[in-house]
K.L.:
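For reference, the structure I am asking about is given below.
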Amino acid sequence: MAGGTVLKKDTPIIINNVLPGSIAEEAGIEKGDVLLSINGENIEDIFDYRFLISDEELTLEIKKENEEIWEIDIEKFEDEDLGIEFIDDLIDEAKSCSNKCIFCFIDQMPKGMRDSLYFKDDDMRLSFLSGNYVTLTNMDDSHIDRIIKYRMSPINISVHTTNPDLRVFMLKNRFAANVMSKIRKLSVSGITLNCQIVLCRGINDKEELNKSLLDLTKLYPAVNSISVVPVGITKHRDGLCKLMPYDKASSMEVIEQVEKLQENFLKKHGSRVVYLADEFYMMAGKEIPPYEYYEDFPQIENGVGLISTLINEFDQHINHVDFVPEKNRKVSIVTGVSAYNYISLLSKRLEEKYSITVNVYKIINEFFGENVTVTGLLTGRDIVAQLRGRDLGDEVLICKSMLKADTDLLLDDYTLGTLEEALGVKVAPVENSGISFINSVLGV
């Protein structure tokens, strides 16, 4: 084993599973073993692990459940996986956010919800693994160097403004000013960046928005895309900075401002680079741009182009369905205020084509307040309160984005079972795709 002192993690790296027939299984590694080091090197997280196991010759230090320490020598092909899985994909605790952003949605949530909903992460590794957005405020040069070393690309960055003083104000963090120097260092090192601006009326909009977009697009194509999303404002803002929600007129102003810049970027770069969240178009009462407008949909997980994708998939699939729904089939769809008109139009097309009945119910968000209009933030209690006693038909369809990942839990801990019991009808989650929409409505 290589010499030197190995610094141990405070939290043991417990092996949760060993794949059958893998190198690890052949070496005698078992579930419950603790991984101490690889080639004498400490392992901080999954990126250290992946980097270290890429070698052809390895020495693993393993602690067995009986506290016995094993040193296991392994010869393998370069980049061949060992077949080890860990309890946490990150192999480390996520870094929490040190900012006090004036628009933070978590600060606007009521008390009494499950603890995990109040955790603010600001971890570059989760940005790479899960697409989370990071502010870079808790990162020094060594962290930036680590991103470059391990080729963590793409990284999603919450920029909000490129004005140093304004960014300090918006994030309430004195380390927030130098974001552009970090972005430049990443960009010249070949890291792809997707940036986000949460737009707050009267604060980082208008001239400030122009400046931010022009500053960032100078780094294209390293800065691959920029999304502009409206600030989310709940009714739970006592003691917080005063913010104004976007309305029809102010949303239209943003659209017109960004469209002018997009035209210039398209001519200069061959890409629009910047995209507005669907919510702006919905609030403005303006038609969602066509599918081609969003190019390769770089920020669809951030609510940019979701409706256009849904409509495009719907149009492509509706005339290729061989399934015939049950006679007199009747279903209900739950949606938020912003998507209601689009869901209603698609539902109407299915009603006319297949002679079924589709009731689309627009749920007002009483839990967070009427300014919150997206479907993904609806709660079980609002759904029950507004649907109880209504004609719900054979089943109620809800968007899967309303559920915690890989569970049947809604934001307020209502479950699908709780909804079914309260409403007296089956409740089914539906993926946010045109194909899933059609199949679920028809009962495929």
K.L.:
Honestly, is K63 close enough over W70, meaning NZ or CZ under 6.0 Å from the six-membered ring centre and within 45° of the axis?
P.N.:
no

K.L.:
How about L306 and E301: do any of their side-chain heavy atoms sit closer than 4.5 Å?
P.N.:
no

K.L.:
Around atom NZ of K185, are there more than 12 heavy atoms of other residues, nucleotides or ligands at under 6.0 Å?
P.N.:
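Yes, NZ of K185 has more than 12 neighbouring heavy atoms, counting only those of other groups under 6.0 Å.
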
K.L.:
Counting neighbours of NZ on K353 that are heavy atoms of other residues, nucleotides or ligands and sit closer than 6.0 Å, is the number greater than 12?
P.N.:
yes

K.L.:
Is any side-chain heavy atom of K400 closer than 4.5 Å to a side-chain heavy atom of V430?
P.N.:
no

K.L.:
Any side-chain heavy atom of V321 within less than 4.5 Å of one from Y354?
P.N.:
yes

K.L.:
If the condition is ring-ring contact (aromatic ring centres under 6.0 Å, His included), which residues does Y342 pass it with, not counting sequence neighbours?
P.N.:
none

K.L.:
Are any of the side-chain heavy atoms of C200 and M170 separated by less than 4.5 Å?
P.N.:
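Side-chain contact under 4.5 Å: yes.
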
K.L.:
Does the pair D81/R50 count as a salt bridge with the N-to-O cut at 4.0 Å?
P.N.:
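Judged by the 4.0 Å cut-off on N to carboxylate O distance, D81 and R50 do not form a salt bridge.
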
K.L.:
Is the CZ atom of F77 crowded by more than 12 outside heavy atoms at less than 6.0 Å?
P.N.:
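Counting other residues, nucleotides and ligands, CZ of F77 stays at 12 neighbours or fewer.
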
K.L.:
What do the steps show when you test Y49 against F86 for ring pair (Phe, Tyr, Trp, His ring centres under 6.0 Å), and what is the final call?
P.N.:
CA-CA 11 Å; Y49 174 78; F86 302 97; 5.0 Å; yes

K.L.:
Taking the six-membered ring of Y340, is the NZ or CZ of K362 close enough (under 6.0 Å from the centre) and on axis enough (within 45°)?
P.N.:
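Ring-cation test returns yes.
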
K.L.:
Give the intermediate values and the outcome of side chain to side chain contact (heavy atoms under 4.5 Å, CB included) for residues L199 and V231.
P.N.:
CA-CA 6 Å; L199 204 61; V231 61; over 6 Å; no

K.L.:
Between E366 and R381, is there a side-chain N and carboxylate O pair less than 4.0 Å apart?
P.N.:
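Salt bridge between E366 and R381, a charged N being under 4.0 Å from a carboxylate O: no.
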
K.L.:
Going by heavy atoms in the side chains, are F314 and L350 under 4.5 Å from each other?
P.N.:
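Result yes, sub-4.5 Å side-chain heavy-atom pair found.
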
K.L.:
Report, as yes or no, whether the 6.0 Å neighbourhood of atom CG on N66 holds more than 12 heavy atoms from other residues, nucleotides or ligands.
P.N.:
yes

K.L.:
Within the distance-only criterion (no hydrogens, no angle test), does the side chain of D382 pair as donor or acceptor with the backbone N or O of N365 below 3.5 angstrom?
P.N.:
no

K.L.:
Is the Y291-F297 ring centre distance short of 6.0 angstrom?
P.N.:
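That pair passes the under 6.0 Å test.
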
K.L.:
So that I know where these two stand, are F368 and F105 an aromatic pair - ring centroids less than 6.0 Å apart?
P.N.:
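Distance test on ring centres: under 6.0 Å, yes.
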
K.L.:
Would the H317 and F437 ring centres measure less than 6.0 Å apart?
P.N.:
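No: the rings miss the under 6.0 Å criterion.
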
K.L.:
What pairs with N439 under side-chain hydrogen bond (donor to acceptor under 3.5 Å, both in side chains), at least two apart in sequence or on another chain?
P.N.:
none

K.L.:
Say whether, by atom type as modelled, one donor and one acceptor occur between the side chain of S212 and the main chain of T162 under 3.5 angstrom.
P.N.:
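Checking the backbone N and O of T162 against the side chain of S212, a donor-acceptor pair under 3.5 Å is found.
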
K.L.:
Would you check, one step at a time, whether the test side chain to side chain donor-acceptor pair (under 3.5 Å) holds for S158 with Q196?
P.N.:
CA-CA 5 Å; S158 289; Q196 171 187 248; 3.0 Å; yes

K.L.:
Crowded around E421 CD? As in, over 12 foreign heavy atoms under 6.0 Å?
P.N.:
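No, the 6.0 Å shell around CD holds no more than 12 heavy atoms from other groups.
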
K.L.:
Do I102 and K172 touch side chain to side chain, with heavy atoms closer than 4.5 Å?
P.N.:
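Yes. Closest side-chain heavy atoms under 4.5 Å.
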
K.L.:
Taking the basic N atoms (NZ, or NE/NH1/NH2) and the acidic carboxylate oxygens, is any pair closer than 4.0 Å for D45 and R146?
P.N.:
yes

